[in-house]
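Single-structure report; data block below.
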Protein chains: 2
Amino acid sequence: MSQNTKENILNATYILIAEQGIQKASFAQIAKAVGISKPSIYYYFESKDDLIRELFDYFCKEIQFNNYFRIEDFTAENFVDKLVNIGVQMIQDQKQDPYFDNVMKEFLSLAARDKYYHDHLLEIQSFYLKGFVELLLKASSLSLITEEAIEEKAHILALVLDNIGNLIMENETINYKGIWITVVKLVFSKGDLSE
Amino acid sequence: MSQNTKENILNATYILIAEQGIQKASFAQIAKAVGISKPSIYYYFESKDDLIRELFDYFCKEIQFNNYFRIEDFTAENFVDKLVNIGVQMIQDQKQDPYFDNVMKEFLSLAARDKYYHDHLLEIQSFYLKGFVELLLKASSLSLITEEAIEEKAHILALVLDNIGNLIMENETINYKGIWITVVKLVFSKGDLSE
DNA sequence: GTCTATAGGCTGATAGAC
DNA sequence: GTCTATCAGCCTATAGAC
């Protein structure tokens, strides 16, 4: 049952972090949720920090830019559609996991005070910013978009996609999909940005 | 010294929350930072929850939409410039307070589990979303912008402005001002959004 | 691998003197 | 208003039996 118990601990911790925050998610509660005794957790994890960190490492792998966007798949024919669809898919993926938003907020708050978490989240965010720049440069090379303010446009896409998930708003009140479609269209519109 | 001590407690708590998070910002640390004894805090605040909540209430007042945007001040002549300038001002205000981002993250994580915090932050966010819609409707009535996807455009502005502050990125690496100017220009560009 | 028992520290909070 | 002394409760973590 070894591998199973370890997974059960990680799953229970994930849910408890979402529901109560990292600090209040104690070994006592985790053990109770899994159905084992408190010290048994120490067989699998050296410390609470170790447990949280392993959960975080797994979490980080799930949200990489490259998991969603493969730049080589974008062509002149499918570019805007593909961009819209992947964004919609990301938003739906995250909304489908009811714990994701809260866990993310916990890790963000931890990152504010702990270099390990800060550096890893910074790297992920950096990949998104750079990834969107690379994507728009490809769009430019395919003559789908002007080169004007291309870095800013890429960062706008990254900011909007990132923050749609962070909204406190209930899903019914706000048109996530419409917002994403509109921002993509704006970035790809032929309009002139000069005053 | 009554009023002064209370303010000192609130200020010390604000900084400690930013540096260590709400849970680790204990009465022992707050008392030490202020230079008083632990039980003295109870003369001013019924409980730790009470102290955090009072800090939060003050925090909320500072970040209201109406503190920054007064719709009646926007005219056909100054509209885009004013929108750009206020956004830049907001970003600079928040960057100038080194504790603001971290405290915000703490309250966001608390809001995930506590109805009081959730409801108040939701109301503030709701005001921003509605406020930008109102603002763009005025722009539309002034013929500065088409009515097309006006709600989505307003929400894009709100999302970008909100998230610029949440970026983990260092200030030098990312062109906050340029991003805001570009998204405002995109929203106000005459381009056609249809396929 | 999993358990019981327990150590030692920090927490929020109270009693009561001045 | 501010203090010292103190409490019960929870926390992470360890010792050691099975």
Side-chain angles (χ1 to χ4, degrees), chain A residues 1-57 102-103 106-107 109-110 112-117, chain B residues 1-58 102-103 106-107 109-117:
Chain A
M1 286 272 192
S2 150
Q3 197 51 37
N4 216 328
T5 301
K6 185 168 183 179
E7 256 176 49
N8 290 342
I9 292 169
L10 285 166
N11 285 333
T13 305
Y14 184 75
I15 295 172
L16 278 166
I17 284 180
E19 289 174 345
Q20 315 210 39
I22 290 173
Q23 295 250 8
K24 282 195 177 172
S26 65
F27 272 28
Q29 287 184 77
I30 296 166
K32 194 181 167 189
V34 176
I36 56 175
S37 73
K38 226 171 27 165
S40 292
I41 302 173
Y42 287 92
Y43 181 78
Y44 299 99
F45 302 96
E46 276 187 12
S47 64
K48 186 177 177 183
D49 280 355
D50 186 48
L51 166 54
I52 301 295
R53 198 170 290 201
E54 193 157 328
L55 197 65
F56 175 71
D57 289 343
N102 288 4
V103 172
E106 285 301 308
F107 285 139
S109 117
L110 193 51
R113 314 182 295 272
D114 186 305
K115 190 167 157 46
Y116 181 84
Y117 295 88
Chain B
M1 288 274 190
S2 149
Q3 198 52 39
N4 217 327
T5 302
K6 186 168 184 179
E7 255 175 51
N8 290 342
I9 293 169
L10 285 167
N11 286 334
T13 305
Y14 184 75
I15 295 172
L16 278 167
I17 283 179
E19 289 175 346
Q20 316 209 37
I22 290 174
Q23 296 249 8
K24 281 195 178 171
S26 67
F27 272 27
Q29 288 185 77
I30 296 167
K32 193 181 168 190
V34 177
I36 57 176
S37 72
K38 217 166 45 159
S40 292
I41 302 173
Y42 287 92
Y43 181 79
Y44 299 98
F45 302 95
E46 277 189 9
S47 64
K48 188 177 175 183
D49 279 356
D50 187 47
L51 166 56
I52 300 296
R53 199 171 292 201
E54 193 157 328
L55 196 66
F56 175 70
D57 290 344
Y58 176 78
N102 289 3
V103 173
E106 285 301 308
F107 285 140
S109 116
L110 194 50
R113 313 182 297 269
D114 186 304
K115 190 168 155 46
Y116 181 85
Y117 295 87

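Computed from a predicted structure; not experimentally measured. Order of the sequence lines sets the chain letters (A, B, ...), proteins ahead of strands, with each chain counted from 1.
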Report, one line per pair, each donor and acceptor closer than 3.5 Å where one atom sits in a side chain of residues 48-56 of chain A; sequence neighbours left out.
unit_1  : atom_1 : unit_2  : atom_2 : d
A:Lys48 : NZ     : A:Ile22 : O      : 2.9
A:Lys48 : NZ     : A:Gln23 : O      : 3.4
A:Lys48 : NZ     : A:Ala25 : O      : 3.1
A:Asp50 : OD2    : A:Glu46 : N      : 3.1
A:Glu54 : OE2    : A:Lys6  : NZ     : 3.1

List the protein contact pattern of nucleotides 11-18 of chain D with one symbol per nucleotide (5' to 3'): B for base contact, S for sugar-phosphate-only contact, - for none; contact means a heavy-atom distance under 4.0 Å. SBBB----
With a 4.0 Å cutoff (strictly under), does any side-chain N or O of A:Tyr43 reach OP1 or OP2 of C:dT2? no
What side-chain donor-acceptor pairs closer than 3.5 Å can you find for residues 26-40 of chain B, not counting sequence neighbours?
unit_1  : atom_1 : unit_2  : atom_2 : d
B:Ser26 : OG     : B:Gln29 : N      : 3.3
B:Gln29 : OE1    : B:Gln20 : NE2    : 2.3
B:Gln29 : NE2    : B:Lys24 : O      : 2.4
B:Ser37 : OG     : B:Ser40 : OG     : 3.1

Between A:Ser40 and C:dT2, is there a contact of a side-chain N or O with OP1 or OP2 at under 4.0 Å? no
In whole angstroms, the gap separating P of C:dA13 from CD1 of B:Ile30 amounts to 11 Å
Calculate the interatomic distance between B:Ile41 atom CD1 and D:dC3 atom P; express it in whole Å. 10 Å
B:Tyr116: side-chain hydrogen bond (donor to acceptor under 3.5 Å, both in side chains) partners, not counting sequence neighbours: B:Asp57
Between B:Tyr44 and B:Thr5, is a side-chain contact (heavy atoms from CB on, under 4.5 Å) present by the stated rule, with each step listed? CA-CA 9 Å; B:Tyr44 299 98; B:Thr5 302; 3.5 Å; yes
Under 4.0 Å from OP1 or OP2 of C:dT2: is there any side-chain N or O of A:Thr5 that close? yes
Contacts of B:Phe45 meeting ring-ring contact (aromatic ring centres under 6.0 Å, His included) (sequence neighbours excluded), chain-then-number -> none
In whole angstroms, how far is the C1' atom of D:dC3 from the NZ atom of B:Lys32? 18 Å
Using the side-chain hydrogen bond (donor to acceptor under 3.5 Å, both in side chains) criterion, which residues pair with B:Tyr117? Sequence neighbours excluded. none
